[in-house]
Amino acid sequence: QVQLVESGGGLVQAGGSLRLSCAASGRTFSRYSRYVMAWFRQAPGKEREFLASISWIGGSTDFADSVKGRFSISRDNAANTVFLQMNSLKPEDTAVYYCAARSDSLRNYVHWGQGTQVTVSS
């Protein structure tokens with residue numbers, strides 16, 4: 001089992017930056033785990049949206065077109081933590097941001113954090 005805890009959300013003005021963190025733990029999770037970690041978001045009245053992913057081993061990344069060039073994803077294997085750096089934030093980035101994890105042999109994300117609210121004011 002994997003537990004994910006997000007932090008770093010808050011209120012920021014348009015054009016500002018935030019860095020979200022996701023701490024992973026659990027019996028099956030370690031710096032050698034073959035997991036893919038990802039960030040999603042869900043705005044009120046909208047479907048959950050994929051933002052970015054990173055492989056725990058190797059560090060290969062993938063980004064949604066909507067955030068390419070503004071968001072970056074990274075990980076600290078020793079600390080079992082994945083980060084989402086968000087720059088040039090816009091009011092439409094306002095949402096609850098979720099961390100997720102899946103085995104690299106599976107397609108679906110099965111482990112989810114509780115989410116952290118990001119609000120961007122105009």
Side-chain angles (χ1 to χ4, degrees):
Q1 190 71 338
V2 176
Q3 291 80 45
L4 303 173
V5 179
E6 302 97 335
S7 61
L11 175 64
V12 63
Q13 287 188 333
S17 298
L18 276 178
R19 188 194 198 202
L20 305 183
S21 300
C22 173
S25 63
R27 184 173 59 86
T28 60
F29 196 93
S30 74
R31 68 180 70 184
Y32 308 110
S33 300
R34 301 197 65 86
Y35 280 101
V36 177
M37 308 295 293
W39 288 94
F40 290 76
R41 70 184 178 190
Q42 188 165 22
K46 295 187 177 181
E47 293 187 351
R48 188 171 293 181
E49 174 189 13
F50 167 81
L51 299 176
S53 66
I54 186 167
S55 61
W56 202 245
I57 305 296
S60 60
T61 59
D62 187 27
F63 292 91
D65 289 342
S66 59
V67 301
K68 279 182 182 177
R70 296 193 300 126
F71 291 9
S72 62
I73 189 170
S74 59
R75 88 257 191 247
D76 181 338
N77 294 63
N80 286 352
T81 302
V82 63
F83 305 97
L84 184 69
Q85 178 67 43
M86 306 185 293
N87 300 323
S88 302
L89 284 163
K90 306 173 183 179
E92 51 264 43
D93 293 316
T94 295
V96 178
Y97 284 67
Y98 297 92
C99 178
R102 62 172 173 85
S103 167
D104 65 1
S105 62
L106 300 176
R107 176 183 294 183
N108 294 326
Y109 289 89
V110 297
H111 306 289
W112 293 87
Q114 81 289 351
T116 185
Q117 176 71 45
V118 172
T119 303
V120 184
S121 63
S122 57

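Computation of the quantities below employed the complete heavy-atom set of this structure, encompassing side-chain atoms and omitting hydrogens, waters and symmetry-equivalent molecules. Counting from 1, the numbers follow the sequence of the chain as shown.
For S121, the side-chain hydrogen bond (donor to acceptor under 3.5 Å, both in side chains) criterion is met by no residue, not counting sequence neighbours. Remark: K46 engages no residue in a salt bridge (Lys or Arg N to Asp or Glu O under 4.0 Å) (not counting sequence neighbours). By the salt bridge (Lys or Arg N to Asp or Glu O under 4.0 Å) test, E92 pairs with no residue at all, sequence neighbours left out. In terms of the salt bridge (Lys or Arg N to Asp or Glu O under 4.0 Å) criterion, D62 has no residue partners (sequence neighbours excluded). Every salt bridge (Lys or Arg N to Asp or Glu O under 4.0 Å) that R70 has, sequence neighbours left out, goes to D93.
Checked by atom type and distance alone, the side chain of T94 pairs as donor or acceptor with a backbone atom of V120 at under 3.5 Å. Judged purely by atom type and a 3.5 angstrom limit, E6 has no side-chain atom pairing as donor or acceptor with the backbone of T116.
For residues 35-87, no residue pair satisfies the disulfide bond (SG atoms under 2.5 Å apart) rule, not counting sequence neighbours. Each disulfide bond (SG atoms under 2.5 Å apart) pair with one or both residues in residues 33-90, not counting sequence neighbours, would appear here, but there are none. Sorted pairs that involve residues 71-89 and meet salt bridge (charged side-chain N to carboxylate O under 4.0 Å, His left out), not counting sequence neighbours, are lacking altogether. Applying the salt bridge (charged side-chain N to carboxylate O under 4.0 Å, His left out) rule to pairs touching residues 98-107 yields R34-D104, sequence neighbours excluded.
Using a 30° and 60° split on the angle between ring planes, H111 and Y35 fall in the perpendicular class, above 60°.
The minimum heavy-atom distance between R41 and S66, with the atom names listed, is NH2-OG, 4.3 Å. Summarising the geometry of W56 relative to N77, their closest heavy-atom pair is O-ND2, 2.9 Å, with the distance given to 0.1 Å. Of all heavy-atom pairs spanning C99 and V82, the tightest one is SG-CG1, 3.9 Å.
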Anything under 3.5 Å between a donor and an acceptor, one on a side chain of residues 7-25, the other on a protein residue two or more places apart or in another chain? List them.
unit_1, atom_1, unit_2, atom_2, d
S17, OG, N87, OD1, 2.9

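No continuous path of ILVMFWY side-chain contacts below 4.5 Å connects F83 to V67, so the two sit in separate hydrophobic clusters.
Under the 4.5 angstrom side-chain criterion for Ile, Leu, Val, Met, Phe, Trp and Tyr, V5 has no cluster partners at all. Grouping Ile, Leu, Val, Met, Phe, Trp and Tyr residues whose side-chain heavy atoms lie under 4.5 Å apart, directly or via other members, places V96 in a hydrophobic cluster with V36, F40, F50, Y98, Y109, W112.
Looking at heavy atoms from C-beta onward, L4 lies in side-chain contact with M37 at the 4.5 angstrom threshold.
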